[in-house]
Amino acid sequence: MKKSIPLLGWIRVVSLFLCLSQTLLAVVLNNSTNLDSILDKYRDKDEEWWKVRSRGKRAISEGDMHLILDLHNKLRGQVHPPASNMEFMVWDHELERSAEHWAHTCRWEHGPSHMLTQIGQNLGAHWGRDRPPTYHVQAWYDEVRHYSYPYSQECNPHCPLRCSGPVCTHYTQLVWATSNRIGCAINVCYNMNVWGMIWTKAVYLVCNYSPPGNWWGHAPYKYGSPCSACPASYAGGCRDNLCYKDGGVDRRPAPELEETNYIEPETEPVRDREPQPRAQTPDPSPNDNLDRNQVLNTEQMCQQVDCETKLRDRCKGTTCNRYECPPGCLDTPGRVVGSGHYDMQSSVCGAGLHAGVIDNDGGWLDVTRLGRKQQFSKSYKNGIQSIGKNRSANSFKIETVPVKAVRCDTTVALFCPYKKPVRHCARLYCPRNCVRESGARVIGTTYFSDKSSICRAAIHSGVIQNEAGGYLDVMPVEKRRQYSGSYQNSISSESLVNPTVGKAFRVFAII
């Protein structure tokens with residue numbers, strides 16, 4: 001008998017695993033009565049799923065891990081027709097780590113390509129209203145409506161690039177009998193491209209499976225009485241219709257892997273650096289209690305606003321130029337005055353919708369004050385009707401929030417120097433393990449010299465954590481007469497008095 005060829009081979013790389021189900025996307029983006037009823041028993045546990053996740057630690061919380069694993073086993077045990085060889089799934093930390101690596105790329109496609117012959121993979125993402133990870137797991141299983149046992153007769157298993165019809169390959173991977181290990185990760189991705197749509201704050205779920213499923217020409221499981229055809233290694237063990245042996249969830253911690261940078265940084269312009277005197281660096285004493293030097297800073301530059309919040313009602317200054325709008329503002333957009341430039345009495349989010357910078361899923365936007373304008377014209381754009389005004393008034397414009405990746409040694413002086421009038425700096429993504437960049441200076445505490453490394457300053461301030469890296473906002477400000485050094489979060493910053501050149505900056509968290 002000729003050996004079967006895994007679909008995760010060249011066929012999968014070319015077609016199947018580049019496909020993400022429109023059916024899944026529809027379930028994710030719209031309410032499903034059936035899905036809601038099935039998830040009722042999980043909802044009480046899942047309400048706090050977002051809060052439980054701690055920044056900079058594991059890629060997935062212990063609670064999320066158990067919810068995902070339990071739902072997988074529950075669904076695998078209830079397949080119809082019944083399975084005689086369906087194996088109980090356990091958690092695998094190496095699969096979790098590989099899922100974490102891919103989740104941090106924020107790419108809405110399967111990968112990395114060199115692993116697709118070794119693992120199975122299901123992806124899910126949502127934007128706007130918070131949903132637990134089990135929502136996506138159930139959505140994968142619900143593709144069963146497009147599947148006819150034992151082979152796919154209605155769904156499209158080849159599905160090139162963007163799918164044009166029903167898909168069921170997420171379902172078949174989930175219920176593949178011999179895929180008995182799973183590891184998942186969750187990441188928040190800013191400005192994630194999902195089939196040409198930019199999702200400003202996408203929650204991205206990646207689940208990796210081993211051994212991989214979806215072998216060409218094979219059914220996902222054998223039909224028969226539950227546990228009647230289990231592999232000999234299970235010694236006849238059966239639990240909830242699944243082949244089972246002692247062990248269950250593997251809770252053993254896995255060894256740390258060598259960290260790498262998963263987002264390609266922008267190339268910095270090469271410029272001559274001015275020679276700077278190296279100020280004295282305070283070193284921690286061996287007798288210091290280093291626990292006292294652990295700092296966590298959740299101060300944000302960006303402000304969360306309601307749909308109808310007017311710009312004139314917010315504070316003034318640089319820290320009031322970046323806002324996060326909630327989803328659903330098309331229903332209550334507030335008053336919008338003007339087109340292109342808007343009266344200060346306009347709703348921030350309403351103006352963002354009118355300008356096309358955000359849509360009804362909400363998102364981030366930047367505001368730039370333009371001074372007085374003599375008149376404001378009315379127009380209908382993107383579902384919002386603005387009104388006109390023929391009186392002089394202060395105005396503002398709306399822009400998107402750019403996001404850029406930087407290196408550990410990137411400085412504000414090179415990336416986003418202070419200028420007047422004040423301009424917006426892009427939201428930044430720092431790689432992991434910038435503590436190791438011993439040559440990248442940090443000068444100051446809270447306020448830093450613009451010759452400092454942005455990412456190391458962010459770690460020093462507790463805005464991001466070294467092991468995770470992540471996103472932050474940076475705000476250039478006027479120079480300081482003095483910068484005070486300190487030891488925080490494994491980084492010693494330098495002191496500097498009366499600098500002759502350069503400005504300063506602050507770093508802010510994104511939560």
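A donor-acceptor pair is defined here as one N or O able to donate and one able to accept, closer than 3.5 Å; no such pair exists between the side chain of Arg456 and the backbone of Arg441. Of the possible donor and acceptor atoms, one in the side chain of Ser84 sits under 3.5 Å from a partner among the backbone N and O of Lys222. Using a distance-only test at 3.5 Å, with no hydrogens or angles considered, a donor-acceptor pair links the side chain of Thr105 to the main chain of Trp102. No side-chain donor-acceptor contact under 3.5 Å links His424 to the backbone of Pro402. The main-chain N or O of Pro226 is never found under 3.5 Å from a side-chain atom of Asn241 such that the two would form a donor-acceptor pair.
Contact annotation: the side chain of Val357 never approaches that of Glu399 to less than 4.5 Å [non-hydrogen atoms, C-beta and beyond]. With a 4.5 Å cut-off on side-chain heavy atoms, Trp91 and Ile182 count as touching. Proximity of Arg76 to Tyr221: side-chain heavy atoms (C-beta onward) are nowhere separated by under 4.5 Å. Proximity of Cys302 to Ile510: side-chain heavy atoms (C-beta onward) are nowhere separated by under 4.5 Å. When side chains are defined from C-beta on, Asp359 counts as touching Trp127, because their heavy atoms get closer than 4.5 Å. You'll find the side chain of Phe505 stays beyond 4.5 Å of the side chain of Cys416, heavy atoms only. With a 4.5 Å cut-off on side-chain heavy atoms, Val175 and Leu75 do not count as touching. Looking at heavy atoms from C-beta onward, Asn191 lies out of side-chain contact with Trp364 at the 4.5 angstrom threshold.
In this structure, His72 and Trp140 have perpendicular ring planes: the angle between them is above 60°, well past the 30° mark. Taking the six-membered ring where tryptophan is involved, the planes of Tyr141 and Tyr171 are perpendicular, since the angle between them exceeds 60° and thus also 30°.
For Glu437, the salt bridge (charged side-chain N to carboxylate O under 4.0 Å, His left out) criterion is met by no residue, not counting sequence neighbours.
Interatomic distance, His460 NE2 to Ile443 CD1, rounded to the nearest 0.5 Å: 11.5 Å. In this structure, Ile68 CD1 and Thr134 OG1 are separated by 7.5 Å, a value rounded to the nearest 0.5 Å. With rounding to the nearest 0.5 Å, the separation of CD in Gln488 from OG in Ser493 is 7.0 Å. Atom CD of residue Glu143 and atom OG1 of residue Thr169 lie 6.0 Å apart, to the nearest 0.5 angstrom. Atoms CE and SG, from Met86 and Cys238 in turn, are 12.0 Å apart once rounded to the nearest 0.5 Å. Note that the CD atom of Gln300 and the CZ atom of Phe508 stand 10.0 Å from one another [nearest 0.5 Å].
With 3.5 Å as the limit, one finds a donor-acceptor pair spanning the side chains of Asn433 and Asn466. Side-chain contact, Gln121 with Asn208: a donor N or O sits under 3.5 Å from an acceptor N or O.
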Residue pair Cys455, Cys430: steps toward the disulfide bond (SG atoms under 2.5 Å apart) verdict: CA-CA 6 Å; Cys455 298; Cys430 288; 2.1 Å; yes
Full working for disulfide bond (SG atoms under 2.5 Å apart) between Cys189 and Cys106: CA-CA 6 Å; Cys189 295; Cys106 291; 2.1 Å; yes
Worked verdict on Cys349 versus Cys307 for disulfide bond (SG atoms under 2.5 Å apart): CA-CA 5 Å; Cys349 299; Cys307 294; 5.7 Å; no
Residues Lys74, Asp240; criterion side-chain contact (heavy atoms from CB on, under 4.5 Å); working and verdict: CA-CA 8 Å; Lys74 174 181 180 293; Asp240 298 328; over 6 Å; no
Step-by-step side-chain contact (heavy atoms from CB on, under 4.5 Å) determination, Met301 to Arg506: CA-CA 10 Å; Met301 184 178 83; Arg506 295 183 65 191; over 6 Å; no
Full working for side-chain contact (heavy atoms from CB on, under 4.5 Å) between Ile358 and Thr200: CA-CA 8 Å; Ile358 61 172; Thr200 312; 5.5 Å; no
Derivation of the side-chain contact (heavy atoms from CB on, under 4.5 Å) call for Cys325 and Val305: CA-CA 6 Å; Cys325 293; Val305 293; 4.2 Å; yes
Chi angles and distances behind the disulfide bond (SG atoms under 2.5 Å apart) call for Cys207, Cys184: CA-CA 4 Å; Cys207 284; Cys184 304; 2.1 Å; yes
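Of all the heavy atoms in Leu123 and Glu109, the pair that sits closest is CD1-O, 3.4 Å. Closest non-hydrogen pair, Pro212 versus Thr117, comes out as CG-O, 4.3 Å. Of all heavy-atom pairs spanning Glu87 and Asn180, the tightest one is OE1-ND2, 2.8 Å. The minimum heavy-atom distance linking Thr411 with Ser453 is given by the pair CG2-N, 4.3 Å. Pro211 and Thr178 make their closest contact through CD-O, 3.1 Å (heavy atoms, listed as atom of the first residue, atom of the second, distance). Taking each heavy atom of Cys434 and Pro431 in turn, the nearest pair found is SG-O, 3.8 Å.
For the side chain to side chain contact (heavy atoms under 4.5 Å, CB included) test with Ile464, the passing option among Leu428, Asn297, Ile459 is Ile459; the others fail. A side-chain hydrogen bond (donor to acceptor under 3.5 Å, both in side chains) with Arg432 holds for exactly one of His104, Glu467, Gln465; it is His104.
Few gaps surround CG on Asn193; more than 12 heavy atoms of other groups in view lie less than 6.0 Å from it. For Tyr223, the OH atom is loosely surrounded, since the number of other residues' heavy atoms within 6.0 Å does not exceed 12.
Ionic pairing of Arg427 and Glu324 is not present here: no N-O contact between side-chain nitrogen and carboxylate oxygen is shorter than 4.0 angstrom.
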